[in-house]
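Okay, structure first, notes after.
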Number of protein chains: 2
Amino acid sequence: MIVVGDLQPGKKLKIDGLRTLLEIGASPIREALSLLTSDQLVERIDQRGFRTAAVSRENFNDILSLRCTLEEMALRQSIANASEAWEDELVLSHHRMLRETRDHIEGFEARHKAFHMALLSASSSPLLLKLCSQLYDLNIRYRYLAGKSLNYTKRDVSSEHDNILRAALERNADQAAELLLSHYRKTGAFLTGLIATSEDTQG
Amino acid sequence: MIVVGDLQPGKKLKIDGLRTLLEIGASPIREALSLLTSDQLVERIDQRGFRTAAVSRENFNDILSLRCTLEEMALRQSIANASEAWEDELVLSHHRMLRETRDHIEGFEARHKAFHMALLSASSSPLLLKLCSQLYDLNIRYRYLAGKSLNYTKRDVSSEHDNILRAALERNADQAAELLLSHYRKTGAFLTGLIATSEDTQG
DNA sequence: TGGGTTTAAAATATCGATATTTCGGGAGAA
DNA sequence: TTCTCCCGAAATATCGATATTTTAAACCCA
């Protein structure tokens, strides 16, 4: 709900409110919020409860920058360790993403993440993969906040994805990394503009 | 307690045991364990409770590799943003570390971390700093596990620290980064050997 | 004797309730 | 009017207890 934007950034998370909303006790909620705290999606304040992580352009650029560094690292490792099983999974996730794009826009985001994680999945570093996954979620949150309306799926991401896929399958790490980072920075620059307008809406 | 090694790696964390040990209720313990889960210090298993994170040479190298990448990035940012306040804090933390080395070995680790974090502290990326802090804790855990006996403080780290400090104060990012990474990799290689012997002791 | 099932014990996850802390309003004094 | 102090309301953090799940042993049957 935080990622998708159902809960406003910087908003106070009243446990009692969530309790009735989710129809479960307070303990599981506290536990969930505690977990999300370390994922940077929830902030904890002294003895004043929890709130959703604030958003800002600085924070967004921070995420984007880290993401580029880590994903490039992971991608190069992944290509270096490439196996046939990895290839299969990559092609499969790519196809599923395309199919989902046509049929139900709903599941696209999940497929999109699956594809990007598949690119990195042959990396030998579990820690790195986990960080990339977390940063992906932090980043996607901004995309949702910028407005689900932005039909960014219609841009030219499709061909970008195709090119990344091709480079990866060709084991061309340099090109794949360049394309991937370009892909991120392009959407990043696009979102940065949108954030500027809605910057003051945070509590 | 996990970092220092009071709780064995891979060991099951019985809530009731911790409850009597720490003399507090079960709820705070669950919450603490949940938080540590995202810090990679505690692993959660389906409905079977928690356990301390397992250790392995792969995991150690994983941590070390990420640490080098992220700290270099942070250090370069930090030096780029260097201010007089940063200089002051850096020199201060370095001096405190030296003083603690002479007087009470106990507090050395805290000072050591403070010094290393001070090096990075002028970085413009809060996320990056948080990650570095987490990775530091993961790394230091291995040092404790390898044995507190290893009087590594007597090695030659002191001069290494001096050189890093000097390079940082001179705003020589390249040299500082090289020295810092060399510093980590040297102790890393040192620990890797020790880990090999105690690898099978994990539950 | 060995395998599979049942059953009891233990541990976990959740719930309801209490105590502590924080937040906001209102009364009183300068 | 404005500042301070105090009190009441609300929310949080913790506790004790219950229910669900897991684990391990005991049992029965082949």
Side-chain angles (χ1 to χ4, degrees), chain A residues 1-56 59 126 130 133-134 137-138 141 145 199-203, chain B residues 1-56 59 126-127 130 133-134 137-138 141 145 200-203:
Chain A
M1 292 172 65
I2 295 174
V3 168
V4 175
D6 287 347
L7 295 172
Q8 284 184 345
K11 191 175 185 182
K12 201 157 182 316
L13 292 169
K14 296 176 187 173
I15 289 188
D16 212 44
L18 293 175
R19 205 186 63 74
T20 56
L21 181 60
L22 301 177
E23 295 182 351
I24 52 177
S27 303
I29 291 180
R30 283 193 69 79
E31 194 161 322
L33 292 177
S34 296
L35 282 170
L36 291 173
T37 294
S38 295
D39 292 343
Q40 313 293 327
L41 279 170
V42 168
E43 292 173 348
R44 176 167 209 171
I45 334 167
D46 253 345
Q47 304 251 335
R48 255 163 280 183
F50 302 87
R51 69 173 50 174
T52 51
V55 296
S56 68
N59 181 246
K130 176 141 191 161
S133 174
Q134 284 186 13
D137 291 337
L138 289 179
R141 179 171 175 238
L145 292 174
E199 183 117 68
D200 49 340
T201 60
Q202 60 175 297
Chain B
M1 291 173 64
I2 294 176
V3 168
V4 174
D6 287 348
L7 295 172
Q8 285 185 342
K11 192 175 183 181
K12 200 159 183 316
L13 292 168
K14 295 177 188 173
I15 290 187
D16 212 45
L18 292 175
R19 205 187 63 74
T20 57
L21 182 61
L22 301 177
E23 294 182 352
I24 51 177
S27 303
I29 290 180
R30 283 194 67 80
E31 194 160 324
L33 292 177
S34 296
L35 282 170
L36 291 173
T37 294
S38 296
D39 292 343
Q40 312 294 328
L41 279 171
V42 168
E43 291 173 347
R44 175 167 211 171
I45 333 168
D46 252 344
Q47 304 252 335
R48 254 163 282 183
F50 303 87
R51 70 173 52 175
T52 51
V55 295
S56 67
N59 180 246
L127 255 174
K130 176 140 190 162
S133 174
Q134 283 187 13
D137 290 338
L138 289 179
R141 179 172 175 237
L145 292 174
D200 50 340
T201 59
Q202 59 175 297

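Only heavy atoms go into these numbers, but all of them, side chains included; no hydrogens, no water, no symmetry mates. Lettering of chains follows the sequences in order, A, B, ..., and the numbering in each one begins at 1.
- Using a 4.5 Å cut-off on side-chain heavy atoms (C-beta onward), A:Met1 and A:Leu21 make contact.
- In this entry the distance linking NZ of A:Lys14 with P of D:dA9 reads 17 Å, nearest Å.
- Annotation: side chain of B:Lys12 is not in contact with side chain of B:Phe50 (no heavy-atom distance under 4.5 Å).
- Residues satisfying the side chain to side chain donor-acceptor pair (under 3.5 Å) criterion with B:Gln40, sequence neighbours excluded, are absent altogether.
- If you check residues 25-48 of chain B against DNA chain C, the residues with a heavy atom closer than 4.0 Å are B:Arg30, B:Asp46, B:Gln47, listed by number.
- If you take CG of A:Asp16 and C1' of C:dG16, they are 12 Å apart, rounded to a whole angstrom.
- Taking 4.5 Å as the limit, some side-chain heavy atom of A:Arg19 sits within range of a side-chain heavy atom of A:Ile29.
- One atom, CZ of A:Phe50, and another, C1' of D:dT12, lie 9 Å apart when rounded to the nearest Å.
- Atom-to-atom, CZ of A:Arg19 to P of D:dT12 comes out at 12 Å; the value is rounded to the nearest Å.
- At D:dT12, one or more side-chain N or O atoms of A:Lys12 fall inside 4.0 Å of OP1 or OP2 (strictly under the cut-off).
- A:Arg44 is linked by a side chain to side chain donor-acceptor pair (under 3.5 Å) to B:Glu31, counting only residues two or more places apart in sequence or in another chain.
- A donor-acceptor contact shorter than 3.5 Å is absent between the side chain of B:Ser38 and the backbone of B:Leu35.
- Distance CD1 (B:Ile24) to C1' (C:dA19): 16 Å, rounded to an integer number of Å.
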